[in-house]
Amino acid sequence: MSTLPTPGEEKAASRNFIEQIIDADLAAGKNAGRVHTRFPPEPNGYLHIGHAKSICLNCGLAQQFGGKFNLRFDDTNPAKEEQEYVDSIIGDVRWLGGDWEDRMFFASDYFEQLHDWAVALIKLSKAFVCDLTADQMREYRGTLVEPGKNSPFRERSIAENLDLFARMRAGEFPDGARTLRAKIDMAAPNINLRDPVMYRIKHAHHHRTGDKWCIYPSYDYTHGQSDSIEGITHSICTLEFENHRPLYNWFCRELGIHHPQQIEFARLNLTYTVMSKRKLLQLVTEKHVAGWDDPRMLTIGGLRRRGYTPEAIRAFCERIGVAKFNSTIDMAWLEDAIREDLNERAPRALAVMRPLKVVLTNLEPGEVREIEAANHPQKPELGTRTLPLTREIFIEQDDFMEEAPKKFFRLKPGGEVRLRNAGIILCNEVVKDAAGQITELHCTFDPDHSRKVKGTIHWVSATRGVSAEVRLYDHLFAAEYPEDVPEGQTFLDSINPNSLEMVTAWVEPGLAQAEPGCRFQFERLGYFCVDVVDSQSGKLVFNRTATLRDSWAKEKE
RNA sequence: UGGGGAAUAGUGUAACGGUAGCACUCCGGACUCUGACUCCGUCAGUCUAGGUUCAAAUCCUAGUUCCCCAGCCA
């Protein structure tokens, strides 16, 4: 995903702060020169573009330094986790190109070891069973500015703690009755160090361990040790875990086990969208979108269905960089990334979104001229295809103006324009209905290609083209920062009412055979893909992945 | 009246006491059978105030602003 600067290069490629840390570790001989990272999702939802940043970072670092990359599920809370999410996450990470080889793990794989370590900490007097209720524990914890006070159960004997913990595991107590806590410091200014919970009682069915356990380890007690077991060297997570690092270190140190280094980076924020799982879920459950894979969603599934490529997403993640500053990336960068990729690889096609009929009066009814068209203007190796030109064709309504401004390079009465790949037409007559609406144009066709005309427009045969449903997507939110809302409003108030427009378009006949997932550039319009869910032969559905840049649209304003 | 982080063009990101660089955007231009692509060019930045130094984005002092933390969530 990233590449090392080639030796001998004048100036070394700039390195982000994590690469610099690893450079220094390697130089110091840490971890015997190993680099081992991991992506540790909790299987409680679908992955989104923010996770892609983490996946690309972790996986890219491993690749760059000749190291390894694990996929590990942090499945310590059975109340929220499901196999369905595990499956979708595996598919998404793989689709993005993350390669964990044979190293897919689950924190639940380590439950027995984690339990044994907890017993060891009890024996060291570093952990105790606490009978405080959740409410009481909150009171004892103190506040951000006041120290907490010790639990009355903090000084239980090792024997009693061992007995109680065993009985917790054996299922003798109801949910919430007791916890196992680390014995650290109730006066610590970092609240995470105020005797944090290691185990809680939850009589819940776990998607992997079933009913084997009724006590479950907390994130803080699980994460670092799981990293340690896997031999992770650099445990990369997001900024909100900075306050947890001392705890991460405490467990590794007290247990005397391999001690990975936790490094925090800023999570991804994008304009015109929201990123939190909760809000994404709300969009789905309140039916503001059609589902988790709605092409307007920035979930990996949504992006995939929208027509994004893994390569584009990786290029995007590469370009945004990694730092500790809470930044917000302009959504246009994501769109640029897919345009850049698809411009290279997407075959060109002709399609008309809003048809205006044009009669080529010098062609016979029933006459079909075969027009050869290149599949890619810069890549002759992609070959050509044949387009049928007939007496009746469709052009885009936008490509004709009765009273055109001087810089309008398209068709106007008495004017000429080039039909992409075919020839030049001259507009002789504008036909209108009784209401004065333009119904069709009468033009004469000139197959001579040599003449220069200013404009070129796309077209589709009205008799040979096929119709298709085309879904034109725009940003899901109209506001650049949907979360910055006036008092009394929520992010939902800035939903863009026009984020989806459906049109019945006409596409060149060859597209009738396009397989679901196929991507094209509809010339002068944008990049489109055949929808993998709803498209069928005979009932084509295209999703607009991204528009092309349109300097004429700016000019008009 | 706590603790932990972060501030560099419009947006991101480098520079680690020694020429503030790169990318995207914007704007201008060239090219063009896609008003696309490509190419060329312009504009534009160190949060503030002091200090140290021949030299400060970088070190020091004092402020300002923003983010995170009081789950038996992760």
Side-chain angles (χ1 to χ4, degrees), chain A residues 11 13-17 20 40-42 44 74-77 79-81 107 130 132-134 137-139 141-148 175-181 188-194 196-202 215-216 218-220 222-223 237-246 264 266 271 277 319-330 332-333 336-337 339-340 343-344 348 350 373-374 376-378 407-410 417-424 449 451-458 521-526 547-556:
Chain A
K11 210 174 172 182
S14 68
R15 326 218 74 200
N16 66 51
F17 79 102
Q20 292 179 26
E42 182 189 15
N44 69 343
D74 256 356
D75 56 347
T76 57
N77 186 357
K80 294 187 172 180
E81 297 151 6
C130 182
L132 252 26
T133 64
M137 201 181 292
R138 186 161 39 247
E139 276 173 41
R141 187 158 33 228
T143 70
L144 291 176
V145 294
E146 296 158 338
D175 287 6
R178 294 181 215 265
T179 54
L180 183 72
R181 296 223 257 163
N190 180 344
I191 290 179
N192 293 121
L193 263 16
R194 320 240 261 230
V197 169
M198 295 164 58
Y199 273 91
R200 67 276 215 199
I201 300 171
K202 268 181 204 274
I215 54 171
Y216 289 93
S218 64
Y219 164 85
D220 284 309
T222 307
H223 198 91
C237 60
T238 43
L239 250 27
E240 66 269 28
F241 292 103
E242 275 180 321
N243 293 333
H244 293 247
R245 187 172 357 116
E264 310 85 11
T271 56
K277 253 178 205 174
R319 192 175 304 173
I320 59 177
V322 180
K324 301 192 77 157
F325 177 62
N326 270 308
S327 60
T328 301
I329 309 286
D330 193 321
W333 282 35
D336 277 341
R339 280 193 198 108
E340 204 167 288
N343 178 49
E344 287 295 313
R348 312 286 122 127
L350 261 28
H376 194 294
Q378 281 87 33
K407 295 189 102 177
F408 186 77
F409 302 148
R410 286 110 100 142
V417 78
R418 186 186 303 276
L419 247 29
R420 179 68 168 156
N421 299 306
I424 293 166
H449 279 233
R451 248 159 58 238
K452 282 239 184 250
V453 290
K454 190 68 183 166
T456 298
I457 63 172
H458 55 277
Q521 184 198 91
F522 290 170
E523 290 196 78
R524 302 212 307 131
L525 294 173
T547 59
L548 254 30
R549 277 206 189 79
D550 186 357
S551 49
W552 167 241
K554 277 179 218 155
E555 181 82 24
K556 277 193 295 189

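Throughout, a chain's letter reflects where its sequence line sits, starting with A, and its residues are numbered from 1. Note that the structure is a prediction, hence the values are computed from the model and not measured.
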Original post:
Which string of ( ) [ ] | and . matches RNA chain B, if you list each base 5' to 3' and count Watson-Crick or G-U pairs only when both distances are under 3.5 Å?
Top reply: .((((((..((((....[..))))..((((.......)))).....(((((..]....))))))))))).....
Categorize [X] for me: base, sugar-phosphate, or nothing, with a 4.0 angstrom heavy-atom threshold over every strand shown.
X	value
A:F241	base
A:T76	sugar-phosphate
A:F408	base
A:E42	sugar-phosphate
A:S551	sugar-phosphate
A:L132	base

For [X], all residues meeting side chain to side chain donor-acceptor pair (under 3.5 Å), sequence neighbours excluded:
X	result
A:R181	none
A:K454	none
A:R141	none
A:R410	A:D399

Shortest side-chain distance from [X], nucleotide among [options]:
X	options	value
A:A134	B:G35, B:G2, B:C72	B:C72
A:L144	B:U32, B:A74, B:A70	B:A70
A:Q521	B:C37, B:U34, B:G2	B:U34
A:P377	B:G35, B:A36, B:C72	B:A36
A:N77	B:C37, B:C73, B:G35	B:C73

Would you state whether a donor and an acceptor, one from the side chain of [X] and one from the base of [N], lie under 3.5 Å apart?
X	N	value
A:E146	B:U1	no
A:H458	B:A36	no
A:D336	B:C24	no

Original post:
Would a distance-only check, ignoring hydrogens and angles, find a side-chain to backbone donor-acceptor pair under 3.5 Å from A:E146 to A:G142?
Top reply: no
Below 3.5 Å between N/O atoms, which protein atoms pair up with nucleotides 41-44 of chain B? Just atom names and distances, please.
none

Subject >> salt bridge (Lys or Arg N to Asp or Glu O under 4.0 Å) partners for A:E240, two or more places apart >> reply: A:R267
**OP:** Under the salt bridge (Lys or Arg N to Asp or Glu O under 4.0 Å) rule, collect the residues that match up with A:K407, sequence neighbours excluded.
**Re:** A:E555
Look at [X] and [N] and indicate whether a side-chain polar atom (N or O) is within less than 4.0 Å of OP1 or OP2.
X	N	result
A:R549	B:U25	yes
A:R410	B:U34	no
A:R138	B:G71	yes
A:K454	B:U32	no
A:R348	B:C37	no
A:K554	B:C26	yes
A:R339	B:C24	no
A:S218	B:G71	no

Between N or O atoms, less than 3.5 Å apart, protein on one side and nucleotides 11-19 of chain B on the other: list the pairs.
unit_1, atom_1, unit_2, atom_2, d
B:U11, O3', A:T328, O, 3.1
B:G12, OP1, A:T328, N, 2.6
B:G12, OP1, A:T328, O, 2.9
B:G12, O5', A:T328, O, 3.4
B:G12, O2', A:I320, O, 2.9
B:A15, OP1, A:Q20, NE2, 2.7
B:C16, N3, A:Q20, OE1, 3.2
B:C16, N4, A:Q20, OE1, 2.5
B:C16, N4, A:Q20, NE2, 2.7

Subject >> Test ring-ring contact (aromatic ring centres under 6.0 Å, His included) applied to A:H376 - qualifying residues, sequence neighbours left out >> reply: none
Subject >> Test ring-ring contact (aromatic ring centres under 6.0 Å, His included) applied to A:F241 - qualifying residues, sequence neighbours left out >> reply: A:Y219, A:H244
Subject >> Test side-chain contact (heavy atoms from CB on, under 4.5 Å) applied to A:D336 - qualifying residues, sequence neighbours left out >> reply: A:R319, A:R339, A:R549
**OP:** Would you give the length of the straight line joining atom CG of A:L350 to atom CD1 of A:I457, rounded to the nearest 0.5 angstrom?
**Re:** 10.0 Å
**OP:** Starting from the 5' end of RNA chain B, give me the residue, A:E242 or A:R141, whose nearest nucleotide shows up first.
**Re:** A:E242
